[in-house]
Amino acid sequence: ERWDVVVVGSVNADLVVGVERRPAPGETVLGSDLAVHPGGKGANQAVAAARLGGRAALVGRVGDDGHGALLRGALAAAGVGLDHLATTPGVPTGVALITVGPDGDNSIIVSPGANARLGPADVAAARDLIAAASVVSFQLEVPLPAVEAAAGVAGGRVVLNLSPPAPVPAGLLARCDPLVVNEHEAAYLLDGEPGDPRDAAAALARSGPRSAVVTLGADGAVVADGDGVTAIPAPAADAVDTTGAGDAFTAALCLRLARGDALRDAARYAARAGAAAVRRRGAQSSFPTPAELPAP
Ligand code: ATP
């Protein structure tokens, strides 16, 4: 089977508690009831691509615990191909511990768990799948050797979402078409102030990848490739919760690239998916079907 998008990436359970204020060191505070949601950037992007009608598969690792079962269930329900979602015995599934303050501000601790065990051997086991995919997509919540191995095997287009930001080896960067970053990640790569986003996208595209996309929240995105620099406006959206907007954007971008769109056209579609995702709470729960996209 030929997949539109194969994501090599993370699978996390998001454990969310609301608090009136953060505890100081040594202090205990009472929070709201615990909410457990499927998450992780890899799983989120695979689910978002599948919900948009794409054939999406995930290469990843979970533990043999309840969180792993929850994540598998959510991915299967979305129609994500899971033949290469492996289980690591004796290791917990990745977890994001999220406290939400009174202003909706998040503080997050990620415990990688089984994600940290994803390596080149997993990529070798999924070699045929990765080699035949139209687009292979990564984020950096899994170890870099797995990402580099997968980029080496990929026969199609490679998309890297530099989240969380970290140095990228030149060989990997040279495969990225595009590199996708938000403003913070762009500033990290460019060693300083975000500055004018058009200049940032152009500078990033000159720094090694074949093309670059900088996402700008409610201000849309900027695309830079061989055709020049293009600003992509964001459709207006009554934002309820921006969690998952970046994952929805990147997944939609990958899907349209897989279907043969030019980068700027894929980014216009991706901006519609990002806008749709801010209208509902949560990450995977907020990802749109095609019918839920705002008009172009
Ligand atoms: P997050 O971490 O919140 O998932 P991010 O920082 O990775 O997101 P953003 O740049 O905030 O990425 O958002 C990704 C895309 O989603 C934007 O490029 C834009 O197209 C869309 N988007 C985000 N916020 C809004 C908004 N308030 N209104 C319309 N579109 C939005």
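Below, each value reflects all heavy atoms present in this structure, side chains not excepted, and no hydrogens, waters or symmetry copies. Just so you know, ligand 1 is whichever comes first in the structure, and atom 1 is the first atom listed for that ligand.
Residue contact annotation: Pro235 has a non-hydrogen atom under 4.0 Å from ligand 1.
With a 4.0 Å cut-off on non-hydrogen atoms, Thr215 touches ligand 1 through its backbone as well as its side chain. Of all the heavy atoms of Leu216, the ones lying under 4.0 Å from any atom of ligand 1 belong exclusively to the backbone. Contacts with ligand 1 closer than 4.0 Å are made by side-chain heavy atoms of Val278 only, the backbone lying farther away. Proximity of Ala275 to ligand 1, defined as any heavy-atom pair under 4.0 Å, is shared by backbone and side chain alike.
Within the listing of ligand 1, atoms 16 (O), 21 (C) sit less than 4.0 angstrom from a heavy atom of Gly274. Those atoms of ligand 1 that come under 4.0 Å of a heavy atom in Ala271, given as number and element, are 20 (O). Counting the atoms of ligand 1 from 1 in the order shown, those under 4.0 Å from a heavy atom of Asn182 are 5 (P), 6 (O), 7 (O). Atom numbering of ligand 1 starts at 1 in the shown order; those under 4.0 Å from a heavy atom of Gly220 are 17 (C), 18 (O). Atom numbering of ligand 1 starts at 1 in the shown order; those under 4.0 Å from a heavy atom of Gly244 are 4 (O). In the vicinity of Ala234, heavy-atom distances shorter than 4.0 Å reach the ligand 1 atoms 29 (C), 30 (N). Those atoms of ligand 1 with a heavy atom of Thr242 less than 4.0 angstrom away are 1 (P), 3 (O), 4 (O).
For the pair Asp225 (side chain) and Asp227 (backbone), a donor-acceptor distance under 3.5 Å is present. A donor-acceptor pair is defined here as one N or O able to donate and one able to accept, closer than 3.5 Å; such a pair exists between the side chain of Asp241 and the backbone of Gly282.
Comparing Pro294, Ser286, Gly246, Ala236 against atom 14 (C) of ligand 1, the shortest heavy-atom distance belongs to Gly246.
In this structure, CG on Leu255 lies 6.0 Å from CG on Leu52, to the nearest 0.5 angstrom.
Under the 6.0 Å distance and 45° angle rule, Arg256 counts as a cation-pi partner of Tyr269.
Minimum interatomic distance between Ala174 and Arg210 (heavy atoms only, all atoms of both residues): O-NE, 3.4 Å. When all heavy atoms of Val168 and Leu173 are compared, the pair lying nearest together is CG1-N, 3.9 Å.
Side-chain N/O atoms of Ser10 and Asn115 include no donor and acceptor closer than 3.5 Å. Checked by atom type, the side-chain pair Ser211/Asp177 shows a donor-acceptor distance below 3.5 Å.
Nearest to atom 19 (C) of ligand 1 among the protein's heavy atoms is Gly217 O, 3.2 Å. With respect to atom 27 (N) of ligand 1, the closest heavy atom belonging to the protein is Ala218 CB, 3.6 Å.
Closer than 4.0 Å to atom 2 (O) of ligand 1 lies none of the heavy atoms of the protein.
Counted within 6.0 Å of CG on Asp64, heavy atoms from surrounding residues, nucleotides or ligands total more than 12; the atom is thus considered enclosed. Dense packing is recorded around CD of Glu27, with more than 12 heavy atoms of other residues, nucleotides or ligands lying under 6.0 Å away.
The shortest N/O to N/O separation between Phe249 and ligand 1 does not fall below 3.5 Å. By the 3.5 Å distance cut-off applied to N or O atoms, Ala237 is not counted among the residues near ligand 1.
Of the charged side-chain nitrogens involved, at least one lies within less than 4.0 Å of a carboxylate oxygen, so that Arg22 and Asp105 count as a salt-bridged pair.
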